[in-house]
Asker: 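Sharing a structure, written as structure tokens. Questions coming.
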2 protein chains.
Amino acid sequence: MAKRPADPANGNEPAARQVVPMRDFSRSLPMSLLRAREAVMRQFRPSLREHGLTEQQWRILRALAAIEAAEVTELARTAFLLGPSLSRILRDLEARNLIERKTAKADLRRSMVSISKEGVKLMASVAPSSEAIYAEITQRFGARKLAELQEMLGELEQSLAELGAGEEASAEE
Amino acid sequence: MAKRPADPANGNEPAARQVVPMRDFSRSLPMSLLRAREAVMRQFRPSLREHGLTEQQWRILRALAAIEAAEVTELARTAFLLGPSLSRILRDLEARNLIERKTAKADLRRSMVSISKEGVKLMASVAPSSEAIYAEITQRFGARKLAELQEMLGELEQSLAELGAGEEASAEE
DNA sequence: GGGAGATACTTAACATGTTAAGTGAATGCG
DNA sequence: CGCATTCACTTAACATGTTAAGTATCTCCC
């Protein structure tokens with residue numbers, strides 16, 4: 001193994017040091033978004049946890065609270081969850097009696113999901129602290145800036161929505 | 001009661017309809033961030049997938065490519081992964097010979113992780129398309145707006161970092 | 001009206017997120 | 001020195017993300 005010259009600073013022998021040219025990793029857009037979201041969610045998680053809810057379960061309850069009932073697919077779109085995740089979570093929420101399910105009469109494939117009374121009660125117990133946290137975030141960051149940020153995020157989403165739609169050219173089979 | 005009046009439109013009986021007052025769900029900051037990030041990652045995932053890498057594995061390789069070697073904890077911070085996730089992924093990356101590990105001589109608890117030659121080779125094969133995608137995103141959204149967005153995201157993170165640090169007053173034990 | 005294809009989910013399998021507990025090694029202090 | 005504490009990581013356990021398959025139902029066209 002006389003393969004490498006001695007390393008002056010320490011006994012290690014790194015295989016590479018900036019061999020592949022790329023942007024600074026920590027400043028990439030995905031990382032920025034990830035970190036920002038984590039910073040926000042970190043504020044909410046403890047409160048949700050106290051009430052025995054995960055972030056996703058909370059999303060589902062919130063989505064359901066605003067409407068009477070929804071098909072699973074529609075709910076997935078609203079709560080921004082993939083079908084399989086939603087399936088599992090609905091199973092658990094139903095077991096906890098937080099939601100109710102009934103298959104549609106007209107189309108036996110569809111099932112209509114709605115929040116139960118217990119679900120509403122749970123939501124009511126979580127909402128105040130959740131709203132308080134959101135208010136605190138808004139105040140810290142600034143309401144105007146927050147609105148601007150959300151505007152930009154929406155535009156970003158728009159820009160990319162067009163992109164991801166019509167092209168599956170390269171390595172699809 | 002007669003808790004609820006009959007529902008005129010259909011045979012269902014929803015337990016609640018906007019019973020708990022909350023902001024419009026789809027416009028909450030966490031959702032905006034989640035959707036934006038998903039829109040971005042959707043662009044990258046296919047390319048990574050072709051090379052047999054997940055998003056997180058790619059983050060680790062990128063982080064390692066810029067430095068010679070790093071302790072696991074340091075790497076977790078850089079790649080923004082929790083310890084347990086990182087442990088598993090490192091185990092797998094090591095099995096695939098994409099990284100190398102050696103325990104530090106001075107402190108047997110620490111292990112120094114570095115990217116291997118194979119790892120560098122793999123990175124080199126992914127980087128071009130990854131950079132191209134990033135360039136496309138930048139162009140679509142606008143370089144200036146992108147910079148602004150990242151600036152705001154950083155500020156948001158800052159605002160909340162202070163908040164989450166010094167307070168564990170309420171229901172901690 | 002019958003069968004091919006599309007739909008609405010659900011299951012399965014594997015990877016990661018998240019919290020708690022475990023393990024071995026270093027540190028500090030009596 | 002001895003031992004409790006802290007530290008760096010790993011394992012474990014459970015929930016979700018992600019893709020692929022499976023299942024039942026529905027649609028449409030011949």
Side-chain angles (χ1 to χ4, degrees), chain A residues 30 34-35 37-42 44-46 48-50 52-60 69-77 79-96 98-99 101-113 168 171-173, chain B residues 30 34-35 37-42 44-50 52-60 69-77 79-96 98-99 101-113 168 172-173:
Chain A
L34 181 57
R35 284 206 292 245
R37 184 173 144 79
E38 178 53 29
V40 173
M41 286 315 302
R42 197 195 315 283
F44 288 100
R45 256 189 281 270
L48 291 177
R49 187 175 168 69
E50 279 177 30
L53 286 175
T54 66
E55 179 196 334
Q56 292 81 0
Q57 294 168 345
W58 176 238
R59 287 219 299 272
I60 292 173
E71 300 172 14
V72 172
T73 301
E74 182 189 355
L75 187 55
R77 193 167 34 73
F80 208 70
L81 293 170
L82 294 179
S85 295
L86 185 53
S87 257
R88 282 178 305 214
I89 301 175
L90 288 181
R91 169 166 47 72
D92 299 348
L93 291 180
E94 189 173 23
R96 288 166 66 183
L98 297 175
I99 65 161
R101 227 181 326 196
K102 60 174 65 173
T103 50
K105 287 155 282 308
D107 186 341
L108 298 185
R109 295 170 305 179
R110 302 174 197 278
S111 79
M112 306 302 292
V113 184
E168 48 221 60
E172 213 70 53
E173 76 263 21
Chain B
L34 181 58
R35 284 205 293 245
R37 185 175 142 79
E38 179 53 30
V40 172
M41 286 315 302
R42 198 195 314 283
F44 288 99
R45 257 189 280 271
S47 163
L48 291 177
R49 187 175 168 70
E50 279 176 31
L53 287 175
T54 66
E55 180 197 332
Q56 292 81 359
Q57 293 167 346
W58 176 237
R59 287 220 299 273
I60 292 173
E71 302 171 13
V72 172
T73 301
E74 182 189 356
L75 186 55
R77 193 168 35 73
F80 208 70
L81 293 169
L82 293 179
S85 295
L86 185 53
S87 257
R88 282 177 305 215
I89 302 175
L90 288 180
R91 167 166 49 71
D92 299 347
L93 290 179
E94 188 174 23
R96 288 164 67 183
L98 296 176
I99 65 162
R101 228 183 323 197
K102 61 173 63 171
T103 51
K105 286 155 283 308
D107 186 340
L108 298 186
R109 294 171 305 180
R110 301 173 197 280
S111 80
M112 306 301 294
V113 184
E168 48 220 58
E172 214 69 55
E173 75 263 21

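Below, chains carry the letters A, B, ... as their sequence lines are ordered, and counting in each starts from 1.
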Asker: Select from B:Leu81 and A:Ser111 the residue whose nearest nucleotide in DNA chain C is closer to the 5' end of that strand.
Answerer: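 Looking at the nearest nucleotide for each, A:Ser111 comes out on the 5' side.
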
Asker: Between B:Arg49 and D:dG17, is there a side-chain N or O to OP1/OP2 distance below 4.0 Å?
Answerer: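 Checking B:Arg49 against D:dG17: no side-chain N or O falls below 4.0 Å of OP1 or OP2.
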
Asker: Rounded to whole Å, how long is the line connecting atom CD of A:Gln56 with atom P of C:dG17?
Answerer: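 Value for this atom pair: 12 Å.
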
Asker: What is the minimum heavy-atom distance between B:Gln57 and B:Gly52, and which atoms define it?
Answerer: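 Smallest heavy-atom distance, with atoms named: OE1-O, 3.7 Å.
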
Asker: Write down the distance between NZ (A:Lys105) and P (D:dT25), rounded to a whole number of angstrom.
Answerer: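 Value for this atom pair: 16 Å.
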
Asker: Check the distance between C:dG17's C1' and A:Leu34's CG and give it to me in whole angstrom.
Answerer: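 Nearest whole value for this atom pair: 11 Å.
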
Asker: What nucleic acid atoms does B:Ile89 come within less than 4.0 Å of, heavy atoms only: base, sugar-phosphate, or nothing?
Answerer: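 If one applies the 4.0 Å heavy-atom cut-off, B:Ile89 turns out to touch the sugar-phosphate alone, with no base involved.
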
Asker: Give a yes or no on whether a salt bridge exists between B:Glu71 and B:Arg77, defined as a side-chain N under 4.0 angstrom from a carboxylate O.
Answerer: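 Salt bridge between B:Glu71 and B:Arg77, a charged N being under 4.0 Å from a carboxylate O: no.
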
Asker: Look at all strands and tell whether A:Arg45 reaches a base, only sugar-phosphate, or nothing, counting heavy atoms closer than 4.0 Å.
Answerer: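 It contacts sugar-phosphate atoms only.
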
Asker: Base, sugar-phosphate or nothing for A:Ser85? Non-hydrogen atoms, less than 4.0 Å.
Answerer: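 Base: the residue A:Ser85, judged by heavy atoms under 4.0 Å, touches a nucleobase.
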
Asker: Spell out yes or no: do the side chain of B:Arg109 and the base of D:dC7 have one donor N/O and one acceptor N/O closer than 3.5 Å?
Answerer: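 Per atom types, the contact qualifies.
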
Asker: Pick base, sugar-phosphate or nothing for B:Thr73, based on heavy-atom distances below 4.0 Å to the nucleic acid.
Answerer: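 Since only primed, P, OP1 and OP2 atoms lie under 4.0 Å of B:Thr73, the category is sugar-phosphate.
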
Asker: Check every strand shown and say whether B:Thr54 touches a base, only sugar-phosphate, or nothing at a heavy-atom separation below 4.0 Å.
Answerer: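 Counting heavy atoms under 4.0 Å across all strands, the contact made by B:Thr54 is with sugar-phosphate only.
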
Asker: Heavy atoms from C-beta onward define the side chain here; which of D:dC26, D:dT11, C:dT16 lies closest to that of B:Arg88?
Answerer: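 Selected nucleotide (nearest to the side chain): C:dT16.
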
Asker: Show the nearest heavy-atom pair for residues A:Leu90 and A:Ile60, with the distance to one decimal.
Answerer: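 Heavy atoms only, the tightest pair is CD2-CG2, 4.2 Å.
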
Asker: Measuring from the side chain of A:Arg59 (C-beta onward, heavy atoms only), which nucleotide among C:dT10, D:dG17, D:dA20 has the closest atom?
Answerer: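 Between C:dT10, D:dG17, D:dA20, the one nearest the side chain of A:Arg59 would be D:dG17.
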
Asker: Taking all atoms of both residues into account, what is the closest heavy-atom pair of A:Arg59 and A:Phe80, and its distance?
Answerer: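 That would be NH2-O, 3.2 Å.
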
